[in-house]
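Proteins get letters first, then strands, A, B, ... in listed order; numbering begins at 1 in each.
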2 protein chains.
Amino acid sequence: MTSILIVDDQPLQRMGFRMVLESETGVSIVGEAENGIEAVRRTAELSPDVVLMDIRMPGMDGIEATRRITASGGRSRVLVLTTFDLDEYVYAALQAGASGFLLKDARPDELLAGIRAVAVGDAVVAPALTRRLLHAFAKALPGPDRRAAEDPRLRTLTERELEVLRVVATGLTNTEIAETLHLSESTVKTHVSRAMAKIGARDRVQAVIIAYDVGLVDPRG
Amino acid sequence: MTSILIVDDQPLQRMGFRMVLESETGVSIVGEAENGIEAVRRTAELSPDVVLMDIRMPGMDGIEATRRITASGGRSRVLVLTTFDLDEYVYAALQAGASGFLLKDARPDELLAGIRAVAVGDAVVAPALTRRLLHAFAKALPGPDRRAAEDPRLRTLTERELEVLRVVATGLTNTEIAETLHLSESTVKTHVSRAMAKIGARDRVQAVIIAYDVGLVDPRG
DNA sequence: CTACGTGTGGCACCCCGGTACTAGGGCGAG
DNA sequence: CTCGCCCTAGTACCGGGGTGCCACACGTAG
């Protein structure tokens, strides 16, 4: 059972959400709020699984409320719902720590799917927004770090060893790396061992640290 | 009717996609390819609405193939399907111009929805990936720099756990940590275990990654 | 041709890392 | 005072990590 807090300044809109959600099983509306202040307070009180958050509200808006809710470190996740897909809203909401961003004209099943995804820790973005988001994201990324390749510590690594090292630095176990790269675990171990020996790492923990130090991996994600 | 090109080096996988998609209306599989080179060629020939693209393939991989397909300026959109949600794959695929990124264990209806969305120009990302993507995106954006200590993930850590975590992130073993902090190894293990549980790390490698991620330790410093 | 580097794979062995449980002492809040 | 949290410590267990060593295929530099 997923508990939900509805935040919207328009009573009619809140009613609409209720209509849609109360007919569904597995979700239960535990409260409502009509502005940001109230949203923060009620979230702290009720600690719902998911907060359905409107952005435009009198007083404290949804962005600021989202920021405070996520900053508090509670388990409630925020799913932002707006009428307009203005980019600035999307970015601001994401930076505020929102777990999702849907448009209010979403179909009930989309809304439900979104709520469920957010409740289990995943994230959702409305398909229409995803495209622009990805585009902006691709531009924001400067691209794989090439300066890393020139670091003396990595000089002696073969292409394969570098690749394996990158994956190690994402936190996967040898078995997982083997599956990911379609190799046997033995082979992975060999590569990892050789890579560690070359860069002077005693174990994979130090390998990861070195990988971060030389900028092999980007400290993001 | 949405035309589809299936690209995967494993015949069984291609067969699986056929099974799923041929039972659906509105989509039609117009061809297959088993590596990147062939994918580029067949896309040029057939100009399908959507290319279902595997990443890891012998010869030219799916990323490079995606890059060439989108660079060619055709109308075909690329939907990347991979078994593992390795971050670097996602980023690389996005930069290569992919319109979507799904996991192969997606349910048939999710796959269908993804294909339809991509076909009409929208984009899709698997929910499990969206979360990390948003997180990475929020970090890539300029914004109020929230530095280490206030990160929600660290909020629940006690002083001692934080201290131990910092030392873990320098690459010391439990025994070494015990010596430097004048504790028994058992105690160190307890702290490390608790810290990992709280921040959601499976092992100390992931703990180190998270430590770097939130800025607990200084990269390159 | 041979030799080497590289990527791949396998196997035996040991030990560290991580979990689960328990438990005592200190310390502040109710 | 009692409760709960934190720090401390221990034992037992086991799975994965890491090492060493071996083997084969392939391409290329010598």
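Checking B:Thr156 against B:Ser186, the closest nucleotide of DNA chain D that is more toward the 5' end is the one next to B:Thr156.
Heavy-atom distances under 4.0 Å link DNA chain D to B:Glu159, B:Arg160 of residues 159-176 of chain B, given in residue order.
B:Thr187 comes within 4.0 angstrom of a nucleotide base, judged by non-hydrogen atoms across all strands.
In this model, a side-chain donor or acceptor of A:Arg194 finds a partner on the base of C:dT8 within 3.5 Å. Residue A:Arg204 places no side-chain atom within donor-acceptor reach of the base of D:dT19, judged by atom type and a 3.5 Å distance cut-off alone.
A donor-acceptor contact shorter than 3.5 Å is absent between the side chain of A:Ser47 and the backbone of A:Ala44.
Rounded to whole Å, atom P of C:dA23 lies 20 Å from atom NZ of B:Lys189. Distance, B:Met196 CE to C:dT19 C1': 9 Å, rounded to whole Å. For the pair B:Leu157 CG and D:dC5 P, the interatomic distance rounds to 16 Å; values are reported in whole Å. Residue A:Glu185 contributes atom CD, which lies 15 Å from atom C1' of C:dT8 at whole-angstrom precision. The separation between B:Asp203 atom CG and D:dG17 atom C1' is 10 Å, rounded to whole Å. Summarising the geometry, the separation between CZ on B:Arg202 and C1' on D:dG16 is reported as 11 Å, rounded to the nearest angstrom. Taking atom CD of residue A:Gln206 and atom P of nucleotide D:dG18, one finds them 10 Å apart after rounding to whole Å. Taking atom CD1 on B:Ile177 and atom C1' on C:dG18, their separation rounds to 13 Å, with Å as the unit.
The listed nucleotides are C:dG9, D:dT19, D:dC7; the one nearest the side chain of A:Leu183 is C:dG9. The side chain of A:Thr158 lies closest to C:dG7, out of D:dC7, C:dG7, D:dG10.
None of A:Arg204, A:Glu185, A:Lys189 except one satisfies the side-chain hydrogen bond (donor to acceptor under 3.5 Å, both in side chains) rule with A:Asn174; the exception is A:Arg204. Put simply, the residue from B:Ile63, B:Ile69, B:Thr70 that forms a side chain to side chain contact (heavy atoms under 4.5 Å, CB included) with B:Thr66 is B:Thr70.
In the helix from C:dC1-D:dG30 to C:dG30-D:dC1, the end axes, each obtained as the rotation axis mapping the C1' atoms of four pairs onto the next four within a five-pair block, lie 40° apart to the nearest 10 degrees.
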